[in-house]
Amino acid sequence: MLNDYVKIHGSKDGLVIIASDVSDIDVLREKIINRIERSLTFFKGAQLTVKVRNLNVDEKSLDQLKELILENYGVNVGFKKIQDRHLKNVTGENAIFDGLDEGMTKFYNGTVRSGQVVKYYGNLVVLGDVNPGGIVQASGNIVIMGTLRGIAHAGISGNIDSIIAASKINAMQLRISNIISRSPDNDIEAVYPEIALVKKNKIIVKPLYLYGKI
């Protein structure tokens, strides 16, 4: 149905309709009018922006559609074309992720508990702890705002420059690309946030403030 492809939301500039899967001006006209007629009182007198993905329509046709809607429904309409974005840093399992500095990043809100696996093809930030038995995996960096006690695997697609950082690293296992280690076996309480990275083909864990000086 037409309504399945039309979404509406408010913005600082007024009402916005996002129309997807539109092939021509006739389909667009039908979608907009159908949506306005469902809530005519709501739309009347409003400033309406219609965002359409990859619509190839000349300006004259759009102007005619604007006049038609204004004359019949009292709604001022503007059109904005949405271009598809191709995100080069979103990678699959077999491609090395190269967006360590500014790539796609997922924020996981909460603690990763035993038996849970959180995996993302990009950088991963955990807003909580990773408990023993919990697993976090990312093709880029992993940053844990709490304590890492479980398993963390950064650079799963092969980027050995990935890092693992946490408020405290006391992991069951650390892995960066294909290099495996674990946190040091000592009882020294971490005073500063820590970072794990690869140096000379080994994973080392150091205070975060030394990052860049290691």
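Being a predicted model, the structure only gives us computed values, none of them experimental. Counting from 1, the numbers follow the sequence of the chain as shown.
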* For side chain to side chain contact (heavy atoms under 4.5 Å, CB included), just list the numbers for Val112 and Ile135, CA-CA rounded to whole Å, side-chain angles, deciding distance to a tenth of an Å, and then say yes or no. => CA-CA 7 Å; Val112 180; Ile135 300 174; over 6 Å; no
* **Pair Leu148-Leu174, side chain to side chain contact (heavy atoms under 4.5 Å, CB included): steps then yes or no** => CA-CA 10 Å; Leu148 170 58; Leu174 296 173; 3.7 Å; yes
* Asked: What's the verdict on side chain to side chain contact (heavy atoms under 4.5 Å, CB included) for Ile151 and Arg175, showing C-alpha distance, side-chain angles and the deciding distance?
  -> CA-CA 8 Å; Ile151 297 172; Arg175 185 169 179 175; over 6 Å; no
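Two residues are said to be in side-chain contact when any heavy atoms from C-beta on lie closer than 4.5 Å; Val118 and Leu124 meet this criterion. Within the 4.5 Å cutoff, side-chain heavy atoms of Ile204 are placed close to those of Leu197. At least one side-chain heavy atom of Ile179 sits under 4.5 Å from a side-chain heavy atom of Asn201. Using a 4.5 Å heavy-atom threshold, the side chains of Ile32 and Val75 count as separate.
Residue Val143 is found in a hydrophobic cluster whose other members, listed by chain and number, are Phe107, Val125, Leu127, Met145; membership requires side-chain heavy atoms under 4.5 Å apart, directly or through intermediates.
Closest approach of Ile144 and Gly128 over heavy atoms only: CG2-O, 3.3 Å. Closest non-hydrogen pair, Thr147 versus Asp129, comes out as N-OD1, 2.7 Å. Nearest heavy atoms, Ser162 versus Ile176: O-CG2, 3.5 Å. Taking each heavy atom of Ile156 and Gln137 in turn, the nearest pair found is CG2-CB, 4.1 Å. Between Ile164 and Ile169, the shortest heavy-atom distance links the atoms O-CD1, 4.0 Å. Contact detail for Ala138 and Gly122: the closest heavy-atom pair is CB-O, 3.3 Å.
Atom OH in Tyr209 sits 10.5 Å away from atom CD in Glu194 (nearest 0.5 Å). In this structure, Leu62 CG and Arg29 CZ are separated by 10.5 Å, a value rounded to the nearest 0.5 Å. From Asn178, atom CG reaches atom CD1 of Ile160 across 6.5 Å, with rounding to the nearest 0.5 Å.
Scored by the side chain to side chain donor-acceptor pair (under 3.5 Å) test, Glu37 finds Tyr73 as partners (sequence neighbours excluded). Partners of Gln116 by side chain to side chain donor-acceptor pair (under 3.5 Å), not counting sequence neighbours, listed by chain and number: Tyr108. Arg113 is linked by a salt bridge (Lys or Arg N to Asp or Glu O under 4.0 Å) to nothing, counting only residues two or more places apart in sequence or in another chain. Not a single salt bridge (Lys or Arg N to Asp or Glu O under 4.0 Å) links Asp161 to another residue, sequence neighbours left out. Residues satisfying the side chain to side chain donor-acceptor pair (under 3.5 Å) criterion with Asn72, sequence neighbours excluded, are absent altogether.
His153 contributes a side-chain N or O that, together with a main-chain N or O of Ser177, makes up a donor-acceptor pair within less than 3.5 Å. Side-chain atoms of Ser167 do not come within 3.5 Å of backbone N or O of Pro193 as any donor-acceptor pair. Put simply, the side chain of Asn123 gets close to the backbone of Asn141: a donor and an acceptor are under 3.5 Å apart.
When hydrophobic clusters are built by joining Ile, Leu, Val, Met, Phe, Trp and Tyr residues whose side-chain heavy atoms come closer than 4.5 Å, directly or via intermediates, Met172 is grouped together with Val117. Note: the hydrophobic cluster containing Leu68 also contains Ile36 (ILVMFWY, side chain heavy atoms under 4.5 Å, direct or indirect links).
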